[in-house]
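Only one structure is covered here, and it is reproduced in the block below.
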Amino acid sequence: VGDAVAAVLRADGHRVVVDADGPAALRRAREIGAQAPGLDGLLAECTLIAGTATTGPVLAPARLRPDTRLVDLALPPTLE
């Protein structure tokens, strides 16, 4: 799902930023043309976040800025 969302956003000219953890995820981020500043950097830079992880809740709602919008496509949900 994440690759598909990234492809659509990149095709529309948007910068894609991902939370990639580990060498394989960082390699995949580069392959799809995404930046990977780490979760703290992502949360500081982005006001529109698409949750696409399949690993379960990974983000505490309190970490989101008040102006952030989360489109949660993940199962289980992104928020803890």
N/O donor-acceptor pairs under 3.5 Å from side chains in residues 22-35, not counting sequence neighbours:
from: Arg28; atom 1: NE; to: Asp3; atom 2: OD2; distance (Å): 3.0
from: Arg28; atom 1: NH1; to: Glu31; atom 2: OE1; distance (Å): 2.8
from: Arg28; atom 1: NH2; to: Asp3; atom 2: OD2; distance (Å): 2.5
from: Gln35; atom 1: OE1; to: Arg15; atom 2: NH1; distance (Å): 2.8

Side-chain donor-acceptor pairs under 3.5 Å in residues 47-62, sequence neighbours left out?
none

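In this structure, CZ on Arg69 lies 7.0 Å from CG on Asp67, to the nearest 0.5 angstrom.
Scanning both residues, Leu43 and Arg65, for their nearest heavy atoms gives O-CD, 3.8 Å. Closest approach of Leu42 and Val17 over heavy atoms only: CD1-O, 3.8 Å. Here the shortest heavy-atom pairing between Cys46 and Thr68 reads O-OG1, 3.8 Å. Between Leu64 and Leu79, the shortest heavy-atom distance links the atoms CD1-CD2, 4.2 Å.
Under the side-chain contact (heavy atoms from CB on, under 4.5 Å) criterion, Asp40 pairs with Arg63, sequence neighbours left out.
Asp72 contributes no side-chain N or O that, together with a main-chain N or O of Pro77, makes up a donor-acceptor pair within less than 3.5 Å.
Under the 4.5 Å side-chain heavy-atom criterion for Ile, Leu, Val, Met, Phe, Trp and Tyr, Val71 and Val5 are members of the same hydrophobic cluster. Note on Leu9: it clusters hydrophobically with Val18, by side-chain heavy-atom contacts below 4.5 Å among ILVMFWY residues.
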